[in-house]
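Working notes, structure below.
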Amino acid sequence: MKIELVVGDILRHRADLAVVNLFEGVKRPGGATGAVDAAIGGAIAAAIRDGDFDGKWGETLLLRPGRGIASPRVLVVGLGKKEEFTPDRVRQTALPVLRLAKKLKLKTVASVLHGAGIGGLDPREAAQFAALGAALSSYEYDRYKSEKASRVERFQWIERNRTVAGPVKAGLGEGAKLGEAINWGRDLVASPPADLRPDGLARAAKRLAQGLEPAAKKRIRVRVHGIGEIRAWKMGGILAVGRGSEVSPRLIVAEYRGGRPGGRWTALVGKGVTFDTGGISLKKWEGMEKMKYDMAGGAGMLAAIRAAAALGIRKNVVAVVPAVENMPSGTAFRPGDVIRTMSGKTVEVLSTDAEGRLILADAIAYARKRYRPAAMVDAATLTGACVVALGSVTMGMMGNDETLLLRMKEASAASGEKAWELPLHEEYLEQIKSDIGDLKNIGGGEAGTITAGYFLKEFAGDTPWVHLDIAGVAWREKERMGYAPGPTGAPVRLLARFLSQEGKA
Ligand code: BES
Ligand code: ZN
Ligand code: ZN
């Protein structure tokens, strides 16, 4: 789908669908909506007066005016209360628009830019979120559908005001690029587990820069390390978890050099369990099919590299993704085994289903040793407990550095991708101390998300580090927060914002 700026008048521009908007409680529409209403004989004002439509958040009104406007259909989207309006709502308005366009098999959509005028948003930012919403809402995984989904070819944003065309165009470009990178990652997460095993995830990572502009491409370098190197580096966690599968583990390392040559690195570590059966501590059958998304953290980190390159972010960023398949078999690791990780710390395995922290322990150690990063962020579908605590609205966040946590909170607020901090008080440590080794890989029934985070903290050492538990938000069962059911691409919106912050590594 092409996302474009058209400087002109929505009344005269012809598309299959024209989109205007209304804040809740407005009785007489103004701006572009008012102009459209006047041209089509007051149908919008009449709908408001008769109570058919009142601009509530998420509400829409479809009209076939027949005259007065070049486009055959007009959709009015409700923006909700003006004081509750945010940039992220601009993104979310795209979903009902594209759902309708797909249903009616429309090819072109023209929309006014929401929120830039009376909404009070900065035009560039409004444009960014608008384009991001259009890109994300057009996403559909239809690889295995005999009948492919209808696709909108052009999404045009109509801006009357020539003076803001520059910033609007820049914002649209940024939003479209970010959305494209996120959708690239969503495809990996949606792939059936047999199609994407550790070797498949590594192959996809190798194609990370495909389709980017040459200038962006040449700043990316992806290396895949196989079992030989993983053994040589004594990555006992990755080796143990990967041992039950026919496909051996890979360590994917994707560098993006957008910053000063020789400048410090930001490391992104992502859980890449391509399928989590639980291993010998086998999960129950119900819902196990969903464990294909246990590599969403890894896909997200790779997508963040793609986004950083596409956006020309001026940072040196490296993504480290341990890719394994957690399977039960005669060669699988067992409860009771004691593992020696790359860092030298030993871990007693109490459940082979708490595998994410074992592979992340090695990936974190590797990132620290090889890159000495100024900051490190990991993302993982790590605990079911996080789904219980925060649901599918908000990701869990933990860390060892107040400044870095504050930056993440800022990035979260600015991007609209919600994250909430949980405490890593030292009293939690006793829950993961082992009698036979240094640590054990589960912390008992209480505070499961925190004890998993605390486990990782033991490997982050003195590197400023933040952990994101995305188990609840990386996949949504129902349409929510402007996403169709399926993979959301979390936490790439948050990370893109974080990496865009000025000055800091
Ligand atoms: N991948 C799961 C966590 C998960 C659960 C992600 C539900 C998404 C939805 C993880 O590897 C796991 O199995 N964790 C266990 C840990 C427990 C054994 C301490 C869990 O959460 O039950
Ligand atoms: Zn597991
Ligand atoms: Zn898992």
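Counting convention: from 1, in listed order, for ligands and their atoms alike.
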Under a 4.0 Å threshold between the charged nitrogen and the carboxylate oxygen, would Glu125 count as salt-bridged to Arg497?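 Counted as a salt bridge, because a side-chain N and a carboxylate O are separated by less than 4.0 Å.
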Would you call Arg368 and Asp462 a salt bridge, using N to O less than 4.0 angstrom?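 Yes, charged N to carboxylate O under 4.0 Å.
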Closest non-hydrogen protein atom to [atom], residue and atom name please, with distance?
atom: atom 7 (C) of ligand 1; value: Met291 CE, 3.7 Å
atom: atom 19 (C) of ligand 1; value: Ile442 CG2, 3.3 Å
atom: atom 15 (C) of ligand 1; value: Asp353 O, 4.1 Å
atom: atom 2 (C) of ligand 1; value: Asp276 OD2, 3.6 Å
atom: atom 1 (N) of ligand 1; value: Asp294 OD1, 2.8 Å
atom: atom 16 (C) of ligand 1; value: Arg357 NH2, 3.9 Å

Considering both backbone and side-chain atoms of Gly384, is one of its nitrogen or oxygen atoms within less than 3.5 Å of a nitrogen or oxygen in ligand 1?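 Checking ligand 1 against Gly384, an N or O pair does fall under 3.5 Å apart.
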Short N or O distance, Thr383 and ligand 1, threshold 3.5 Å exclusive: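 Thr383 vs ligand 1: no N/O contact under 3.5 Å.
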Identify which protein N/O/S atoms are less than 2.8 Å from the Zn ion (ligand 3).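 Correct list: Lys271 NZ, Asp276 OD2, Asp294 OD2, Glu355 OE2.
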Contact summary for Gly237 and Ile339, nearest pair of heavy atoms: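 The pair with the smallest heavy-atom distance is N-CG2, 3.6 Å.
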Going by the angle between their ring planes, with limits at 30° and 60°, are [X] and [Y] parallel, tilted or perpendicular?
X: His467; Y: Trp465; answer: parallel
X: Phe459; Y: Phe455; answer: tilted
X: Tyr371; Y: Trp265; answer: perpendicular

Can you tell if the side chain of Arg207 reaches within under 4.5 Å of the side chain of Val222, non-hydrogen atoms only?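 Side-chain contact under 4.5 Å: no.
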Check whether any side-chain heavy atom of Met408 lies under 4.5 Å from a side-chain heavy atom of Leu468, and answer yes or no.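 Side-chain contact under 4.5 Å: yes.
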[X] side-chain N/O to [Y] backbone N/O, donor-acceptor pair under 3.5 Å:
X: Thr352; Y: Ile280; result: yes
X: Arg219; Y: Arg257; result: yes
X: Asn183; Y: Ala135; result: yes
X: Asn441; Y: Glu355; result: no
X: Asp276; Y: Met291; result: no

Heavy atom of protein closer than 4.0 angstrom to atom 11 (O) of ligand 1: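 So far as the 4.0 Å threshold goes, atom 11 (O) of ligand 1 is in reach of a protein heavy atom.
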Taking 4.0 angstrom as the limit and counting only heavy atoms of [X], give me the atoms of ligand 1 inside it, by number and element.
X: Lys271; result: 1 (N), 10 (C), 11 (O)
X: Thr381; result: 1 (N), 2 (C), 3 (C), 6 (C)
X: Tyr293; result: 8 (C), 9 (C)
X: Ser351; result: 18 (C)
X: Glu355; result: 11 (O)

May I ask you to identify, for Leu382, whether its side chain, its backbone, both or neither come under 4.0 Å of ligand 1 on a heavy-atom basis?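 Contact part for Leu382 vs ligand 1: backbone (N, CA, C, O).
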Ligand 1 versus Lys290: contacting region, heavy-atom distance under 4.0 Å: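 Looking at Lys290 and ligand 1, no heavy atom falls under 4.0 Å.
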What do the steps show when you test His225 against Trp233 for side-chain contact (heavy atoms from CB on, under 4.5 Å), and what is the final call? CA-CA 11 Å; His225 303 289; Trp233 295 332; 3.5 Å; yes
